[in-house]
Amino acid sequence: MSSGVQLSFTIGWIAMLLGGVLFWLSSRRLPQVEKRHGVAAMTIVFVAFANYFAMSLGQGDLFFNGRTVYFARYTDWAITTPILLASLAMFAARSLGRIATLLAALIAADVYMIVTGLVGNLSTAPYNYYWWFISMVAFLVVLALVWGPLRRHAEEEGQIAPYSKLAGMLTALWVCYPIVWLVGSSGVGMISLSVESWLYLVLDVTAKVGFGAVALNAARQSRAR
Ligand code: RET
């Protein structure tokens with residue numbers, strides 16, 4: 001493994017651990033009914049910690065079809081992106097049970113997106129591009145649900161301000177992933193593995209620790225329920 005790639009993994013697991021400490025401290029200031037936001041944020045960073053730690057030990061990749069596939073990214077995303085969507089959904093419903101069907105559809109489309117992305121990464125050209133496209137369609141379904149029905153629920157709950165802020169942040173960050181995937185080793189290979197790893201690192205830390213910090217802050221300020 002090149003030293004740039006290695007360093008990005010080491011910084012990754014340290015950043016996720018620090019995120020865990022930050023969330024643990026800030027969860028203590030949450031009102032009891034909003035502790036669920038703290039549970040979500042901590043679960044996300046500890047899952048990411050494990051996957052980054054595995055990658056830094058050289059246990060998160062495999063050599064397949066002539067290239068290195070960091071499958072641990074996908075085991076991370078397959079677990080953490082549904083929880084990220086659930087934490088966004090917590091601003092749209094007092095109880096997630098009320099929007100169970102919508103949440104199930106959202107998570108189904110999201111997991112489908114990650115799994116087809118992994119299949120694409122395991123494929124050689126041109127099949128990898130077919131899978132990228134299929135994964136993109138699922139991603140568009142996720143965005144349509146976030147900005148359509150879920151947003152309407154947030155409006156009804158009187159939570160449109162924090163919801164829009166978080167949904168905007170989520171959208172801006174998440175759209176970068178398919179781009180990095182496409183220009184990186186899983187796609188056309190325009191950028192080095194090292195640049196790819198740093199880009200994913202910045203995205204992962206911002207989408208998990210940054211997003212979680214904004215969500216916990218909003219949860220603390222949201223009206224008493
Ligand atoms: C893949 C494959 C290519 C097509 C698409 C993808 C989308 C990935 C996304 C990942 C988000 C990850 C997050 C992680 C950490 O918090 C799988 C790259 C659409 C949106 C937010």
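Values reported hereafter were calculated over all heavy atoms of this structure, with side chains retained and with hydrogens, waters and symmetry mates removed. Just so you know, ligand 1 is whichever comes first in the structure, and atom 1 is the first atom listed for that ligand. Residue numbers run from 1 in the order of the sequence given.
- Annotation: atom 20 (C) of ligand 1 to nearest protein heavy atom, Met113 CE, 3.5 Å.
- Judged purely by distance below 3.5 Å, without hydrogens or angles, the side chains of Thr171 and Trp147 pair a donor atom with an acceptor atom.
- The ligand atoms of ligand 1 that sit less than 4.0 angstrom from a heavy atom of Ala207 are 16 (O), 21 (C).
- At a heavy-atom cutoff of 4.0 Å, ligand 1 is contacted by the side chain of Leu84 but not by its backbone.
- Residue Met136 approaches ligand 1 through these ligand atoms, each under 4.0 Å from one of its heavy atoms: 19 (C).
- Considering Cys176, Ala138, Ser135, Gly210 only, the shortest heavy-atom separation from atom 1 (C) of ligand 1 involves Ser135.
- Listed here is the closest heavy atom pair of Ala219 and His37: CB-CD2, 3.4 Å.
- More than 12 heavy atoms of other residues, nucleotides or ligands lie within 6.0 Å of CH2 in Trp174, so this atom counts as buried by the packing criterion.
- Phe46 and Phe49 have their aromatic ring centers separated by at least 6.0 angstrom.
- In this structure, of Phe139, Trp174, Phe133, Trp131, the residue bringing a heavy atom nearest to atom 21 (C) of ligand 1 is Trp174.
- For the side-chain hydrogen bond (donor to acceptor under 3.5 Å, both in side chains) criterion with Tyr52, the lone passing option out of Thr10, Asp204, Asp76 is Asp204.
- Note: no N/O pair closer than 3.5 Å links Thr81 and ligand 1 by distance alone.
- Comparing heavy-atom distances from atom 9 (C) of ligand 1 across Trp132, Tyr177, Trp77, Tyr74 singles out Tyr177 as nearest.
- Near Asp204, meaning under 4.0 Å from one of its heavy atoms, ligand 1 places the atoms 14 (C), 15 (C).
- Close contacts of ligand 1 with Trp181, meaning ligand atoms under 4.0 Å from a residue heavy atom, involve 2 (C), 3 (C), 18 (C).
- Those atoms of ligand 1 that come under 4.0 Å of a heavy atom in Lys208, given as number and element, are 14 (C), 15 (C), 16 (O).
- Put simply, the residue from Tyr70, Phe53, Trp198 that forms a ring-ring contact (aromatic ring centres under 6.0 Å, His included) with Phe9 is Tyr70.
- In this structure, Trp77 has its ring center closer than 6.0 angstrom to the ring center of Tyr200.
- Side chains of Thr75 and Asn51: a donor-acceptor N/O pair is present below 3.5 angstrom, by distance only.
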